[in-house]
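Notes follow once the structure below has been shown.
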2 protein chains.
Amino acid sequence: MDIPTFNSRDCGTCPIRHRAVCARCEPDELLELDKIKYYRNYEAGQPVVWSGDQLDFVASVVTGIAALTQTMEDGRTQMVGLLLPSDFLGRPGREITPFDVTAVSDLTLCCFRRRPFEKLLSLTPNVSQRLLEMTLDELDAAREWMLVLGRKTAREKIASLIAIIARRESKLQSSQAENAARFELPLTREAMADYLGLTLETVSRQISALKRDGVIELMGNRQVHIPDFRVLLSETGDDADGGMPA
Amino acid sequence: MDIPTFNSRDCGTCPIRHRAVCARCEPDELLELDKIKYYRNYEAGQPVVWSGDQLDFVASVVTGIAALTQTMEDGRTQMVGLLLPSDFLGRPGREITPFDVTAVSDLTLCCFRRRPFEKLLSLTPNVSQRLLEMTLDELDAAREWMLVLGRKTAREKIASLIAIIARRESKLQSSQAENAARFELPLTREAMADYLGLTLETVSRQISALKRDGVIELMGNRQVHIPDFRVLLSETGDDADGGMPA
DNA sequence: CGATTACTTTGATCCAGATCAATAAGGGAC
DNA sequence: GTCCCTTATTGATCTGGATCAAAGTAATCG
């Protein structure tokens with residue numbers, strides 16, 4: 001993950017300008033992007049949009065975490081996506097969001113008004129290629145997650161979720177000296193349950209079990225320490241090699 | 001879903017040229033696409049690629065059905081995607097497939113060698129926009145499916161699967177005069193189980209139950225008749241309005 | 001045509017995770 | 001500090017779907 005520093009300040013804040021785009025865009029493409037860009041902030045728990053509502057912008061996550069959830073007629077809910085920094089939200093060519101979007105932690109979005117963004121897309125192959133890449137990544141992650149939902153046991157689900165978060169978090173601080181890691185769990189037990197297709201009681205029980213078995217250590221409810229990452233991975237049920245991008 | 005007939009024969013066979021692309025492409029972009037295009041055929045059951053293998057082409061489905069599946073260390077498998085005609089397979093910018101691709105029925109793919117296709121992508125905004133659209137559709141479908149896997153009961157899962165297939169099939173023949181439909185189930189019980197995160201016994205039991213309750217009628221094992229589509233939908237657990245694209 | 005093989009249905013039992021219910025532990029605000 | 005409220009843990013019981021086991025039904029092939 002090399003971040004070319006065409007313009008270091010902006011590259012750090014707007015994922016659509018990150019990497020690929022920055023490296024290859026013409027300066028005036030970037031100017032165009034900047035002209036229609038603005039930031040929005042949400043507090044933890046606050047809704048971004050409801051399913052069925054108009055979403056008049058597309059955005060990418062700068063900091064914080066957003067959840068995509070779907071709700072059934074009788075109120076059962078399933079989280080169908082977890083947007084971490086640099087993930088993309090919304091889609092060009094569609095006005096309506098098919099799921100609820102909620103800020104799970106304090107959240108900053110880098111937004112682009114839809115119309116100008118779409119226009120820009122049709123003119124600049126690099127921007128749309130970058131967007132395609134991001135979308136394909138999210139699709140891979142979604143499919144990875146289907147395996148988790150469809151076939152894993154409760155214990156494996158918890159281990160998988162912790163592994164994914166650990167990987168994303170420690171990628172940011174990239175301080176994973178060896179096989180240990182330490183980070184903050186950004187989700188409540190309920191949110192985890194919602195993501196994993198479990199109940200919050202089961203989540204709690206399995207976390208306790210992993211703690212008891214020495215796979216993870218908890219300081220308070222959120223601060224996690226993983227003494228040996230390989231042990232955690234062996235609990236996910238995944239293939240030793242290929243497992244888990246996201 | 002209007003299919004503009006820029007060139008009716010080709011539009012019917014190559015989904016990447018369908019719709020959006022056909023309507024907006026310059027003739028020479030289409031020529032470029034045609035130059036690097038070729039067809040491949042697979043028999044039902046035959047593998048297209050294995051997880052981890054090189055995939056030196058990208059493709060879209062012309063006829064038949066392909067399944068994307070992932071396998072866990074201990075052999076548990078989960079289908080993570082079902083590619084129906086016009087769906088896209090493979091991704092520009094990545095050589096390796098992260099899941100097994102198998103022909104579920106006899107299958108024809110419209111293939112493009114990777115390199116020339118990527119080059120074309122970077123030059124023609126319309127083609128990459130079209131591809132982006134298709135990818136976003138698949139992403140939506142994947143997320144829809146996460147709800148099915150995470151929160152639905154076995155009966156609801158079966159009803160959802162039948163509803164999705166019915167919608168895709170009858171879209172093709174668009175002969176759904178009123179609320180009835182009749183079509184071929186293209187999957188074995190085992191493949192359904194694999195997609196739904198169930199066992200084949202449970203699939204069989206639930207299909208029998210839906211038959212007993214008059215929601216569906218079977219002639220042989222594969223031919224399905226749905227007397228009233230709305231009854232089937234009420235069994236999916238989805239919201240009356242917003243439910244199930246894909 | 002019967003034989004072999006693959007697919008499907010149905011039955012009996014078991015167990016992982018849901019559900020119901022209570023208690024404990026943080027974490028602000030005052 | 002105490003009170004209130006949200007989040008988390010733990011226990012007891014129940015149940016939907018898995019698992020194990022056995023027929024039943026098509027399809028394919030010599």
Can you tell me if [X] uses its side chain to pair, donor with acceptor, with the backbone of [Y] under 3.5 Å?
X	Y	value
B/Glu217	B/Ile226	no
A/Asp213	A/Val215	no
B/Ser105	B/Gly64	no

Rounded to whole Å, how long is the line connecting atom [atom1] of [X] with atom [atom2] of [N]?
X	N	atom1	atom2	result
A/Arg76	C/dG17	CZ	C1'	15 Å
B/Glu156	D/dG16	CD	P	12 Å
B/Leu185	C/dC7	CG	P	15 Å
A/Gln223	D/dA8	CD	C1'	17 Å
A/Lys157	C/dA18	NZ	C1'	12 Å
A/Arg189	C/dA25	CZ	P	15 Å
B/Leu200	C/dA6	CG	P	15 Å
B/Leu187	C/dC7	CG	P	13 Å

Using rotation axes that map the C1' atoms of four end pairs onto the next four (five pairs an end), what angle separates the end axes of the helix from C/dC1-D/dG30 to C/dC30-D/dG1, to 10°? 40°
Can you tell me if CD on A/Glu190 sees more than 12 non-hydrogen neighbours from other groups inside 6.0 Å? no
Give me the one residue out of A/Glu235, A/Lys152, A/Arg155 that meets side chain to side chain donor-acceptor pair (under 3.5 Å) with A/Ser160. A/Lys152
Scan B/Thr69, B/Asp194, B/Asp100 and name whichever one has a side chain to side chain donor-acceptor pair (under 3.5 Å) with B/Thr77. B/Asp194
Is there a side-chain contact between [X] and [Y], using heavy atoms and a 4.5 Å cut-off?
X	Y	result
B/Gln223	B/Glu184	yes
A/Asp238	A/Leu147	yes
B/Glu156	A/Arg76	yes

At 4.0 Å (heavy atoms only), tell me whether B/Arg222 reaches a base, stays on the sugar-phosphate, or touches nothing.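 It contacts sugar-phosphate atoms only.
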Could you tell me whether A/Thr188 contacts a base, only the sugar-phosphate backbone, or nothing, with contacts defined as non-hydrogen atoms closer than 4.0 Å? sugar-phosphate
Would you jot down, in residue-number order, the residues of residues 206-218 of chain B having a non-hydrogen atom under 4.0 Å from DNA chain C? B/Ser208
Walk along nucleotides 18-30 of chain D from 5' to 3' and tag each nucleotide B, S or - by protein heavy-atom contact under 4.0 Å, base first, then sugar-phosphate. SBB----------
Result for side-chain contact (heavy atoms from CB on, under 4.5 Å) between A/Leu107 and one of A/Thr63, A/Val48, A/Asn41 points to A/Val48
Determine the interplanar angle of the A/Tyr38 and A/Phe57 rings, folded into 0 to 90°, and report it as parallel if under 30°, tilted if 30 to 60°, perpendicular if over 60°.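 It falls in the perpendicular class, over 60°.
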